There are 2 protein chains.
Amino acid sequence: MFSQASEYALRALTELARYPAGEWVLVTQIADPLAIPVHYLAKVLQTLARRGVLESQRGRQGGFRLAKPAWDITAYDVVRELDDVRSLESCVMGEGECSDATACPLHSLWKNIRQRFVTALETTTLKDLAEFQEHRPDSVRLPAIKTRGAGADARRRRGFGPPETG
Amino acid sequence: MFSQASEYALRALTELARYPAGEWVLVTQIADPLAIPVHYLAKVLQTLARRGVLESQRGRQGGFRLAKPAWDITAYDVVRELDDVRSLESCVMGEGECSDATACPLHSLWKNIRQRFVTALETTTLKDLAEFQEHRPDSVRLPAIKTRGAGADARRRRGFGPPETG
DNA sequence: CTATAATAGGACACGTTTGTCTGCTTTACA
DNA sequence: TGTAAAGCAGACAAACGTGTCCTATTATAG
């Protein structure tokens with residue numbers, strides 16, 4: 001459905017929304033638990049930073065964070081910046097002109113379904129996604145996230161350690 | 001939504017369904033009025049012929065035709081042969097495991113919408129699509145199709161002539 | 001001031017899709 | 001039997017998405 005980049009972004013920003021607001025989060029902190037190629041995700045996040053969805057901070061203690069509260073960013077906000085949303089709004093059969101007036105055979109069908117989908121994406125926030133993940137039954141793959149504390153704790157997280165489900 | 005190939009195929013087979021059943025139709029007869037690259041469409045139609053959706057006939061008086069009556073071929077039958085339909089059935093967020101049991105945050109939403117879409121594609125036949133095109137108000141772009149008559153008539157159609165709305 | 005840690009960004013590789021072109025094969029008809 | 005008309009098949013190229021890698025830049029800690 002979505003491009004690989006959008007799928008990564010949705011998962012990554014959902015993960016990002018699980019961290020305390022305002023905290024800078026490393027790319028590896030996001031990419032590692034989700035098993036997403038680190039460098040590739042970095043590019044995706046850089047794009048989202050340029051588009052104003054994220055904020056980035058270079059150098060030590062840097063990282064990425066949401067530019068707005070998690071409940072103010074919708075799934076649609078994320079996808080829109082990475083995928084060509086016009087393809088969702090354009091004709092299913094690829095006709096150049098396909099408005100309500102000059103509709104292709106599948107126009108009204110597609111319009112209806114597309115509208116339901118887009119509306120759902122527009123009303124689903126990162127907060128919703130993050131909370132859903134927190135309450136998933138198979139929470140093994142989603143260890144609880146703590147604030148990046150002083151020194152030792154943060155350094156330990158960097159490696160690919162055990163889930164430490166505590 | 002669909003690949004370019006699938007979009008071309010849907011439009012081409014809709015056009016094909018407007019011809020008398022059993023008649024061999026040239027690729028150019030389909031590609032020209034729809035403004036689709038001829039050679040590329042030929043490849044797509046060849047694929048559909050190998051998959052049993054179409055029949056092809058080489059040599060003089062050859063061409064393509066539907067392998068079954070137009071009301072026995074659905075839009076889904078066409079798309080299925082060209083696009084990876086599994087991408088419709090896989091997780092929206094790209095998670096490896098995303099079944100009903102271990103659902104991602106958007107799983108149930110997507111499942112519902114996808115099901116409606118697929119069902120619609122499965123119940124929409126080429127006959128439906130063709131008849132819709134026949135009754136479109138802007139029928140200028142869709143001149144009525146006559147049987148490939150003897151000589152002159154067929155030869156005149158080959159060029160990119162005026163719409164001849166008659 | 002310097003070393004380190006982190007993002008930023010560009011170059012590159014690879015596969016797939018889209019599209020073009022050319023020659024080959026098959027068939028009907030004169 | 002020859003020729004023209006048609007699909008068939010493969011090489012090729014351009015564009016794009018995906019992914020890796022390397023270097024530059026920047027901020028912080030010491």
Side-chain angles (χ1 to χ4, degrees), chain A residues 1-9 11-12 16 23-32 34-51 53-65 67 79 81-84 87 94 148 150-152 154-155 157-159, chain B residues 1-9 11-12 16 23-32 34-51 53-65 67 79 81-84 86-87 94 148 150-151 154-155 157-159:
Chain A
M1 183 62 226
F2 296 129
S3 69
Q4 189 69 263
S6 273
E7 289 182 355
Y8 287 165
R11 290 164 61 197
L16 200 50
E23 179 174 328
W24 296 111
V25 182
L26 307 185
V27 178
T28 56
Q29 283 178 284
I30 305 291
D32 284 353
L34 298 179
I36 296 175
V38 183
H39 293 94
Y40 189 60
L41 180 60
K43 293 201 131 181
V44 173
L45 297 186
Q46 283 163 24
T47 301
L48 290 176
R50 274 195 302 275
R51 306 290 175 83
V53 179
L54 298 181
E55 288 174 354
S56 64
Q57 172 72 22
R58 302 228 277 210
R60 267 198 169 182
Q61 297 294 91
F64 290 91
R65 69 182 181 195
V79 172
E81 302 299 342
L82 298 171
D83 281 4
D84 186 10
S87 75
R148 181 152 60 144
R155 195 158 303 121
R157 192 190 307 286
R158 204 143 305 148
Chain B
M1 183 63 227
F2 297 130
S3 69
Q4 190 68 262
S6 274
E7 288 183 357
Y8 286 165
R11 290 164 61 197
L16 199 50
E23 178 175 328
W24 296 110
V25 183
L26 307 185
V27 179
T28 56
Q29 284 178 285
I30 305 291
D32 284 353
L34 298 180
I36 296 175
V38 183
H39 292 94
Y40 189 59
L41 181 58
K43 292 199 134 183
V44 173
L45 297 187
Q46 283 162 23
T47 300
L48 290 176
R50 275 195 301 272
R51 307 292 175 82
V53 179
L54 298 181
E55 287 175 356
S56 63
Q57 172 71 25
R58 304 227 280 206
R60 265 198 170 183
Q61 298 296 91
F64 290 91
R65 68 182 180 194
V79 172
E81 301 298 341
L82 299 171
D83 281 4
D84 186 9
R86 284 172 306 175
S87 74
R148 184 152 58 146
R155 195 158 303 122
R157 192 188 308 283
R158 203 144 308 151

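Worth saying up front: this structure is predicted, and the values here are computed from it rather than measured. Here is the naming used below: chain letters follow the sequence lines, and residue numbers restart at 1 for every chain.
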**Q** When you match A:S56 and B:F2 each to their closest nucleotide on DNA chain C, which lands nearer the 5' end?
**A** A:S56
**Q** Taking the side chain as C-beta and beyond, is there a heavy-atom pair between B:V38 and B:I30 under 4.5 Å?
**A**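 Counting from C-beta outward, B:V38 and B:I30 never come under 4.5 Å.
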**Q** Starting from C1' on D:dG17, measure out to CD on B:Q4 and report it in whole angstrom.
**A**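 Taking atom C1' of D:dG17 as the reference, CD of B:Q4 is at 16 Å.
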**Q** Do the side-chain N or O atoms of B:R65 get closer than 4.0 angstrom to the phosphate oxygens (OP1, OP2) of D:dA6?
**A** no
**Q** So do the side chains of A:L34 and A:L41 get within less than 4.5 Å of each other, counting heavy atoms only?
**A** no
**Q** Which whole-number value in Å describes the distance from A:L45 CG to C:dT7 P?
**A** 9 Å
**Q** Of the non-hydrogen atoms in A:W24 and A:G62, which two are nearest, and what is the gap between them?
**A**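 Between these two residues, the closest heavy atoms are CB-O, 3.6 Å.
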**Q** Hey, is the side chain of A:Y8 poking within less than 4.0 Å of OP1 or OP2 on D:dT18, counting only N and O atoms?
**A** no
**Q** What string of B, S and - do you get for nucleotides 20-30 of chain D 5' to 3' if you count protein non-hydrogen atoms under 4.0 Å?
**A** BB---BBBBS-
**Q** Let's go through A:L16 and A:L45 carefully: what are the C-alpha distance in whole Å and the side-chain angles of both, what is the deciding distance for side-chain contact (heavy atoms from CB on, under 4.5 Å) to 0.1 Å, and is it a yes or a no?
**A** CA-CA 11 Å; A:L16 200 50; A:L45 297 186; 5.7 Å; no
**Q** Nearest whole Å is fine: how far is C:dT20 C1' from B:I36 CD1?
**A** 16 Å
**Q** With a 4.5 Å heavy-atom cut-off, do A:L48 and A:L82 have their side chains touching?
**A**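 The answer is yes, as the side chains (C-beta and beyond) meet within the 4.5 Å cut-off.
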**Q** Rounded to whole angstroms, how far apart are CG on B:L26 and C1' on D:dC8?
**A** 15 Å
**Q** Output the rounded distance in Å from CD (B:E7) to P (C:dG19).
**A**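 So the CD-P distance, B:E7 to C:dG19, works out to 10 Å.
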**Q** Let me know the distance between CD1 of A:I30 and P of C:dT7, rounded to the nearest Å.
**A**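 So the CD1-P distance, A:I30 to C:dT7, works out to 10 Å.
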**Q** Within the 4.0 Å heavy-atom criterion, would you say A:A5 contacts the bases, only the backbone, or no part of the nucleic acid?
**A**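 Since only primed, P, OP1 and OP2 atoms lie under 4.0 Å of A:A5, the category is sugar-phosphate.
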**Q** Using a cut-off of 4.0 Å on non-hydrogen atoms, how would the nucleic acid contact of A:Q46 be classed: base, sugar-phosphate, or nothing?
**A**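 Touches a base.
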**Q** Which residues pass the side chain to side chain donor-acceptor pair (under 3.5 Å) test with B:E81, sequence neighbours left out?
**A** B:R51
**Q** Without decimals, in angstroms, what is the distance between B:R51 CZ and D:dC8 P?
**A** 14 Å
**Q** Please state how far atom CG in A:L48 lies from atom C1' in C:dT7, giving the value in whole angstrom units.
**A** 14 Å
**Q** Would you say A:S6's side chain and A:S3's backbone share a donor-acceptor pair under 3.5 angstrom?
**A** no
